[in-house]
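Only one structure is covered here, and it is reproduced in the block below.
Chain letters run A, B, ... following the sequence lines, proteins first and then strands; every chain starts at 1. Everything quoted here is computed from the prediction, not taken from an experiment.
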Amino acid sequence: MMSDIRRTVDAVWRIEGGRIVATLAKMVLDVGLAEDLAQEAVADALVQWPESGVPRNAGAWLTAVAKRKAIDGWRRRERLDERYHAIAHELDEQIVEDWQPIDDDLLRLVFAACHPVLGREAQVAMTLRVVGGLTSEEIARMFLVPLATMQQRIVRAKKTLSAARVPFEVPEPDEWAARLGGVLGVVYLIFTEGYAATSGERWIRTELADEALRIGRVLAGLVPREPEVHGLVALMEFQASRFAARVATDGSPILLADQDRRRWDRAQIGRGKAALARADTLGRGRGNYALQAAIAQCHAIAPSIDDTDWERIVLLYEALGRIAPSPVVELNRAVAVSMATGPASALPIVDRLAEAGALRGSHLLPSVRGELLARLGRTDEARSELTTAAGLAANRRQREVLLAKAAAL
Amino acid sequence: MKYMLIMRATAEAVEASKTMDFEKIITAMGEYNEALMKAGVLLAGEGLADEAGFVVDFDAETPIVSDGPYGETHELFNGFWIIQTSSKEEALEWATRCPLGPGSKLEVRRVTEASDFAEFADNEYIQKEAGWRKELGTE
């Protein structure tokens, strides 16, 4: 059965794909070529396995076949200079069962897939493809783009990496932090695409978020001494723990305050706490992701909105604002302040943002300002702000909620 | 999707394992667990103690408690993993890699999700949500 073999091969690729490509890339020093070779080996498997059965160590089989293709390619192109001669000889000697993937190679592959020479879309596609082991079909489906578009995006990304001669190595110490930040950014982008996507079916979003979490856990295993990796995993675990409670049966979002907390995934919250604790144990302070995770943890462990440790959340937003200042963080801080000490102390924060012209064009600022004014009893101003916010909201349902609030004042 | 790998072994296999090099068993299992973790798929897993438990039987109106495992079972349930995979085939692939020997079995079962209960519209939670939507005017 052809389709059964396809599914089996996909499953093997899913588990071993990244490590196979990493092993090959180490050998040919070109991620694009390595991925092509691995795909050729997969094509061979689809033809041979229905006859021969699935080999006991399928990953080793694929790696060996791909290596042989690399050697054949060199021979054909008569590029068998001294160096390749030596590699070819060595590879011919190697026994299939010998294959032991090396974690460092997988890490090199991660950095190549997220290399700054690629645009964000290409980084995302390459990360899902070579690190996550997804097929082009799966990635295309998740991002709601035609298969041909996704295939082309991946082919171009591979060509770009080859043309730029992106080295197969981890970044130098002076680049390490920025490049690791780039990798984490790609993973979180995949997650938020799944978490907050506006189009598509619900399952697609969950699938993407699951993928990001999986890759995040792989990364945490590869660079366990990096607190921000654990911080990111913790943040994604906490946010994903609310998935089931976050969407109503008709697909509309349910706000944090209105979620049935009994439906939060306690096991997932437990994993988030463990990941954040790992970040803290490293003793290098909390970065951007760890601070966001700490805020998410305050919500995750609170029995209700009112019984949430808002004072602590205010402090965490202050810390976040110091290392990653942004109007959104400041606005969130204002909301936390209003919950901790009341709307009167929060309003000046929002007013300062408004005076600075921050978040212009977004419904966020006027909707928060409207809420605060309403709680202060300044009804006319509140109604006007909420109506303004409704006019700026991109999402129909959000607009309706804001108008209803304005009307109820 | 999530799958539970349920480890079962015959009483003979459990007995036989006592004469085996336990260090080796621990190492093989440790390597397997590490592979699951490195692949980012392991969510949970526990082993069950090799001592007599008890069984609560709900046949009668009042539950009856008795010693030991189920009377008619020939295999002992001695541990589990929960893994998150993208397909049934991937779960199968992981299951076949588990370092178990003769007399042992892995039963692989999908863990249910909220969507499995979508038809239970009269469920308490779903009704509660409907109530909120009324209150919020987002219905």
Query raised in the report: For A/Asp103 and B/Lys38, what are the C-alpha separation, side-chain angles and deciding distance, and is it a side-chain contact (heavy atoms from CB on, under 4.5 Å)?
Result: CA-CA 9 Å; A/Asp103 283 352; B/Lys38 279 185 174 173; 2.8 Å; yes
Query raised in the report: What residues form a salt bridge (charged side-chain N to carboxylate O under 4.0 Å, His left out) with A/Glu228, not counting sequence neighbours?
Result: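 Once residues adjacent in sequence are excluded, A/Glu228 has no partner under the salt bridge (charged side-chain N to carboxylate O under 4.0 Å, His left out) criterion.
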Report task. Check whether A/Arg214 gets within reach of chain B through its side chain, its backbone, both or neither, counting any heavy atom under 4.5 Å. Result ->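 For A/Arg214, backbone and side chain are both near chain B.
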Query - Nearest-0.5 Å distance, CG of residue A/Leu213 to CD of residue B/Gln84 - result: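 That separation rounds to 7.5 Å.
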Query raised in the report: How many angstroms lie between atom CD of B/Glu93 and atom CZ of A/Arg7, to the nearest 0.5 angstrom?
Result: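 Separation between the atoms: 13.5 Å.
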Query - Heavy-atom side-chain proximity of A/Ile15 to B/Arg97 below 4.5 angstrom - result: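 With C-beta onward as the side chain, the pair touches.
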Query raised in the report: Going through the distances and angles, do B/Ser86 and A/Arg14 end up as a side chain to side chain donor-acceptor pair (under 3.5 Å)?
Result: CA-CA 9 Å; B/Ser86 61; A/Arg14 199 56 192 177; 3.1 Å; yes
Requested in this report: Would you sort out whether B/Leu43 and A/Arg217 count as a side-chain contact (heavy atoms from CB on, under 4.5 Å), showing the intermediate values?
Outcome: CA-CA 10 Å; B/Leu43 298 186; A/Arg217 293 190 196 115; 3.5 Å; yes
**Report entry** Portion of B/Leu92 that has a non-hydrogen atom of chain A nearer than 4.5 angstrom
**Finding:**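 Neither part, no heavy atoms under 4.5 Å.
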Report task. Decide if atom CZ of A/Arg56 counts as having more than 12 heavy atoms of other residues, nucleotides or ligands within a radius under 6.0 Å. Result ->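 Incorrect, the count does not exceed 12.
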Query raised in the report: Would you call B/Lys2 and A/Asp265 a salt bridge, taking side-chain N to carboxylate O under 4.0 Å as the test?
Result: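 Looking at A/Asp265 together with B/Lys2, the answer is yes, because their closest N to O distance falls below 4.0 Å.
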Query raised in the report: Under the side-chain contact (heavy atoms from CB on, under 4.5 Å) test, which residues partner B/Asp21, sequence neighbours left out?
Result: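 Residues passing side-chain contact (heavy atoms from CB on, under 4.5 Å) with B/Asp21: B/Glu23, B/Lys24.
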Query raised in the report: Between A/Arg6 and B/Glu89, does a side-chain contact (heavy atoms from CB on, under 4.5 Å) hold up when you go through it step by step?
Result: CA-CA 10 Å; A/Arg6 174 90 245 183; B/Glu89 286 77 10; over 6 Å; no
